[in-house]
Amino acid sequence: MKTEITIQGLAASLSPARSARKIIGFVPTMGNLHEGHLNLVREARKLCDVVVVSIFVNPIQFGPNEDFDSYPRTLEQDQRLLAEAGCDIVFAPSVEQMYGNKPRLTNITVGGITDDLCGLQRPGHFDGVAVVVTKLFNIVQPNYAFFGQKDYQQLAVIRQFVRDLNIPLEVIGVPIARAADGLALSSRNGYLSPENRAVAPKIYQSLKAAEQQLQAGAALPDALQNMKAALTEAGFAVDYVEARAPDLQKIEQFNQDIVLFAAAKLGATRLIDNLQVKYPAS
Ligand code: AMP
């Protein structure tokens with residue numbers, strides 16, 4: 001496995017694969033890798049001849065009061081895990097390598113689906129994601145790009161601009177990897193105190209409880225209200241609990257497959273999770 005830190009170096013490393021028309025798979029990450037990321041790499045390994053993983057903590061997707069400075073950076077450990085998972089090339093550029101030192105005057109805003117859920121709490125976040133992912137797509141030029149369903153709204157945003165802008169690659173969504181107690185794996189879980197780590201799985205439990213209530217015939221607003229109450233009771237500061245159609249359109253009742261979403265803070269740590277709920281076949 002090679003690590004490249006410059007765009008030119010990466011281009012040189014990928015050049016033989018491109019000339020040989022090999023299938024290139026790409027997994028963008030911010031590092032501090034866990035099984036969730038490694039699952040994406042394994043999926044890429046199955047489908048592609050060459051697997052590229054980027055590790056880049058992207059400053060423009062963090063708000064002014066968010067954790068850009070303190071975000072965990074663990075490159076050596078990540079390199080070990082990636083080599084084991086079958087990655088061929090790690091791309092770990094600096095902020096200067098990605099953004100240069102001249103001002104950036106181009107933005108990418110995906111409308112509609114970024115207006116609520118995490119878009120409300122994190123203004124500009126999805127623009128920052130869209131810009132960096134587009135830059136990385138242009139740098140790597142993969143055939144397939146792999147993203148986790150953990151960040152469901154992000155995956156929808158990426159699918160949308162790939163379609164809208166005719167970016168020539170296929171986006172693959174990969175299911176959420178969870179700890180044994182149900183907590184969705186996240187680099188931010190490391191911020192949790194032992195006490196809060198013990199409480200954190202309640203976010204998944206509340207999603208599963210809402211699923212059961214809905215499938216037993218509860219009204220959607222009631223199930224959401226119960227989720228919110230359970231999380232508040234457990235000590236979370238709830239950002240939102242919501243239900244959407246799989247394409248993120250608003251819904252009023254549970255009369256089709258839906259996705260339940262929760263975002264809540266435990267102490268200073270913001271956790272997100274979601275659950276796809278099937279409408280019971282009659
Ligand atoms: P991040 O490093 O947090 O930007 O995540 C990089 C990629 O890994 C994104 O596509 C995430 O959706 C995905 N990812 C992170 N955590 C998980 C998880 N628990 N399960 C599945 N995918 C994940």
Side-chain angles (χ1 to χ4, degrees), residues 25-48 51-63 66-68 70-75 77-79 81-82 85 87 90-93 95 98 113 117-118 122 125-137 140 142 144-162 169-192 197 200-201 203-204 207 248 259 261-263 269-276:
F26 177 43
V27 180
T29 82
M30 298 203 298
N32 192 234
L33 303 180
H34 50 64
E35 278 300 308
H37 300 109
L38 299 177
N39 269 348
L40 302 184
V41 177
R42 291 182 197 113
E43 282 305 308
R45 186 73 279 166
K46 280 189 222 160
L47 223 59
C48 307
V51 176
V52 181
V53 177
S54 64
I55 296 180
F56 180 62
V57 186
N58 173 35
I60 70 165
Q61 72 186 69
F62 287 77
E66 294 185 353
D67 54 346
F68 174 70
S70 58
Y71 198 86
R73 290 157 169 93
T74 53
L75 182 58
Q77 178 188 311
D78 293 346
Q79 285 169 315
L81 294 170
L82 286 174
C87 167
V90 182
F91 180 50
V95 171
M98 285 299 287
I113 54 173
L117 303 173
C118 286
R122 308 186 70 188
H125 168 70
F126 289 116
D127 289 15
V129 169
V131 167
V132 81
V133 170
T134 302
K135 285 163 81 76
L136 288 167
F137 283 170
V140 178
Y144 294 94
F146 298 79
F147 294 88
Q149 288 169 357
K150 154 105 190 328
D151 301 281
Y152 192 101
Q153 191 177 14
Q154 168 175 285
L155 175 57
V157 166
I158 290 163
R159 286 193 194 285
Q160 185 75 41
F161 72 71
V162 163
L169 55 81
E170 190 175 328
V171 173
I172 311 266
V174 178
I176 302 177
R178 298 181 179 280
D181 60 13
L183 178 65
L185 298 179
S186 165
S187 306
R188 291 193 168 99
N189 293 350
Y191 298 151
L192 294 166
R197 175 64 187 79
I203 202 160
Y204 179 58
L207 288 162
L248 293 182
V259 188
F261 293 92
T269 308
R270 187 171 182 276
L271 302 175
I272 59 170
D273 202 349
N274 67 79
L275 182 68
Q276 299 181 44

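In what follows, residues are counted from 1 in the order of the sequence shown. One-based numbering, in listed order, for ligands and for the atoms of each.
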Tabulate distances under 3.5 Å between N/O atoms of ligand 1 and N/O atoms of the protein, writing both atom names on each line.
{"unit_1": "ligand 1", "atom_1": "2 (O)", "unit_2": "Met30", "atom_2": "N", "d": "2.9"}
{"unit_1": "ligand 1", "atom_1": "2 (O)", "unit_2": "His37", "atom_2": "NE2", "d": "2.9"}
{"unit_1": "ligand 1", "atom_1": "5 (O)", "unit_2": "His37", "atom_2": "NE2", "d": "3.4"}
{"unit_1": "ligand 1", "atom_1": "10 (O)", "unit_2": "Gly148", "atom_2": "N", "d": "2.9"}
{"unit_1": "ligand 1", "atom_1": "12 (O)", "unit_2": "Gly148", "atom_2": "N", "d": "3.2"}
{"unit_1": "ligand 1", "atom_1": "12 (O)", "unit_2": "Gly148", "atom_2": "O", "d": "3.3"}
{"unit_1": "ligand 1", "atom_1": "12 (O)", "unit_2": "Asp151", "atom_2": "OD2", "d": "2.6"}
{"unit_1": "ligand 1", "atom_1": "16 (N)", "unit_2": "Leu185", "atom_2": "O", "d": "3.4"}
{"unit_1": "ligand 1", "atom_1": "19 (N)", "unit_2": "Ala177", "atom_2": "O", "d": "2.9"}
{"unit_1": "ligand 1", "atom_1": "19 (N)", "unit_2": "Leu185", "atom_2": "N", "d": "3.4"}
{"unit_1": "ligand 1", "atom_1": "19 (N)", "unit_2": "Leu185", "atom_2": "O", "d": "2.8"}
{"unit_1": "ligand 1", "atom_1": "20 (N)", "unit_2": "Ala177", "atom_2": "N", "d": "2.8"}

field: Cationic tip of Arg45 above Tyr144 ring, under 6.0 Å, 45° of axis
entry: no
query: Is any NZ, NE, NH1 or NH2 atom of the basic residue among Arg270 and Asp67 found under 4.0 Å from an Asp or Glu carboxylate oxygen of the other?
result: no
- prompt: Which residues satisfy the side chain to side chain donor-acceptor pair (under 3.5 Å) test with Asn274, sequence neighbours excluded?
  reply: none
field: Pairs touching residues 145-154 that satisfy side-chain hydrogen bond (donor to acceptor under 3.5 Å, both in side chains), sequence neighbours left out
entry: Gln149-Gln276
message: Any heavy-atom pair between the side chains of Val157 and Val129 that's under 4.5 Å?
response: no
message: Please enumerate all residues that pass ring pair (Phe, Tyr, Trp, His ring centres under 6.0 Å) together with Tyr191, with sequence neighbours excluded.
response: none
